[in-house]
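Right, one structure below, let's go through it.
Since this is a predicted model, take the numbers as computed values, not measurements.
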Amino acid sequence: MDMAESLAASTPQSIMIIDSAGATDHVFFFKEARKAAAGILALGSKRLYVHMRDSARLMAVLAGASAAGVEACVLPRLWSCSEAHNVRLQLGAGSLVTDEENPPGEFLRAEDFFADRRPASGPWGKGNIVILTSGTTGIPKAALHTWERLLGRGGPRRSSRRLRWLLAYPLNHFAGIQMLVRALNTGETLVVPVDRSVDAITAAVRDHDVTAISATPTFWRNFLGRLAPSAAATLPLEQITLGGEPVTSGILEKARALFPRAAISQVYATTELGTCFSVKDGLPGFPAQYLDRPVGNAELRIIDGELMVRSRNSMLGYLGAPSSDESDSWRPTGDLVEERNGRVYFLGRKEEIINVGGVKVHPARVEEAVLKSGGVLAARVYGRSNPVTGQIVAVEVEAAPDSDVAEIESAIRKNCRESLSRYEMPRDILFVRALARRNEKIERRTMR
């Protein structure tokens, strides 16, 4: 991060983070990071498990760990100290740091890292970082990355558009780390909302002149579904980015309708493969010509209906497994795809396939039909055990506030009859107050 610090020094008035505590400029951020590096070096530990709620301080600790050459593992901020302790037992030895007020004795206090001491110098970017997968379909895995690769071979660069981004992803998530990397590389600003409610997000965007949001389709569907057109007209969004889940035509159309002047991009990235490529034509899926040539940071191909990727941004490997550079390896993504009429569409994950009487049903296709129904904010399609067919298709639906559930169910069944086969038709429709989410994505652990 030496070049990133130089970029910050060249624009001393550039704000890096805005949160409930105020604004932090890039220069002050690196001063705090150097203090944290000195504190981390004094530990003599090779790995640091970071369990913090303060986003600005968390970012400084990560930068400090990088400068100290210490491997950092970011844990979800909503976890308890007990859960953080258990993960350390699973992943291996290391120091635990938290900003909880009264942590157990084995935890280090984050504020002690920022005590007055001789600050450590870089070189920035020499440490590794461990990023946990989202765990929406199973137990999270620990992917080992290098900061050097995440920061990019080209080094920091000035942004011509000078966007101000809402930090909609948690910082234990790969996409959240990528937002931190972007701020370091471009000198742009991250704005942290006080919480994930629509009111808090709307206020953060309006009050701090946020011009860009990168988030999951689940986030966007909930935000746009609850946002009044009159409120949308007051928000200065110039860039809408979606990633982490399949994107439907409905959510793209809703985004264009509410923010007609904003550019819309879809990013394909995974914790293991890093950021691979983006799509900017406003359509679901990606052009089939991406299969014929390198695109973004990756090469793509389809084998037995599964997307395979060879990425220059790949992880070194899973923690606990032998480390190796996987940038030259073709990796299965677990994403099932289908090529139609010059375009490749995402069908869902391999582990989510529902077997109805020997017929394979893709939940993503059913969900798209369900989500076309007015009043549906989110849906989760899954297979439920059945003694005759093996499984039947079931769906949980999160409806908009004050909507008529009977009307929504009728619309869902109508839309499904018109666009799905009899095997794909949902037999059970259950309305829930809120679908379970993890890292801003619908949690999809298999139900039976």
Once you round to the nearest 0.5 Å, how far does [atom1] of [X] lie from [atom2] of [Y]?
X    : Y    : atom1 : atom2 : value
D19  : H208 : CG    : NE2   : 9.0 Å
R331 : M315 : CZ    : CE    : 4.0 Å
W330 : S314 : CH2   : OG    : 11.0 Å
L316 : L319 : CG    : CG    : 10.5 Å
I412 : F431 : CD1   : CZ    : 4.5 Å
L75  : M52  : CG    : CE    : 11.5 Å

Note, [X] side chain near [Y] side chain (heavy atom, < 4.5 Å):
X    : Y    : answer
I213 : F259 : no
H362 : V381 : no
L377 : R221 : no
V61  : D99  : no
I264 : L242 : yes
F223 : T202 : yes
H51  : R88  : no
R164 : I18  : yes

Decide whether N313 and S311 meet the rule of one side-chain donor and one side-chain acceptor closer than 3.5 Å.
no
Side chains of S214 and R182: is there a donor and an acceptor less than 3.5 Å apart?
no
Of the non-hydrogen atoms in [X] and [Y], which two are nearest, and what is the gap between them?
X    : Y    : result
G274 : F174 : CA-CZ, 3.3 Å
L78  : E83  : O-OE1, 4.4 Å
W220 : T241 : NE1-O, 3.0 Å
E272 : H145 : O-CE1, 4.0 Å
P426 : V395 : CB-CG1, 3.9 Å
P217 : P246 : CG-O, 3.7 Å

Please check this pair: side chain of [X] against backbone of [Y], looking for a donor-acceptor N/O pair closer than 3.5 Å.
X    : Y    : result
T211 : L163 : no
S14  : G187 : yes
R380 : A394 : no
E245 : T218 : yes

R261 atom CZ: more than 12 heavy-atom contacts under 6.0 Å
no
Tell me whether [X] is salt-bridged to [Y], with the criterion being a basic N under 4.0 Å from an acidic carboxylate O.
X    : Y    : value
E368 : R365 : no
K46  : E71  : no
E299 : R310 : yes
E398 : R226 : yes

S373: which residues meet the side-chain hydrogen bond (donor to acceptor under 3.5 Å, both in side chains) condition with it, sequence neighbours left out?
N415
Listed partners of Y268 passing side-chain hydrogen bond (donor to acceptor under 3.5 Å, both in side chains), at least two apart
D335
Qualifying ring-ring contact (aromatic ring centres under 6.0 Å, His included) pairs with a residue from residues 72-98, counting only residues at least two apart or across chains:
none
Among I15, T189, I17, side chain to side chain contact (heavy atoms under 4.5 Å, CB included) partner for D25
I15
Evaluate side-chain contact (heavy atoms from CB on, under 4.5 Å) for L132 paired with T271, printing each intermediate quantity in order.
CA-CA 7 Å; L132 301 181; T271 305; over 6 Å; no
Verdict with supporting geometry, L336 and I353, side-chain contact (heavy atoms from CB on, under 4.5 Å)
CA-CA 10 Å; L336 298 178; I353 290 179; 3.2 Å; yes
Please walk me through it: do D195 and S197 pass side chain to side chain donor-acceptor pair (under 3.5 Å)?
CA-CA 6 Å; D195 58 50; S197 68; 2.6 Å; yes
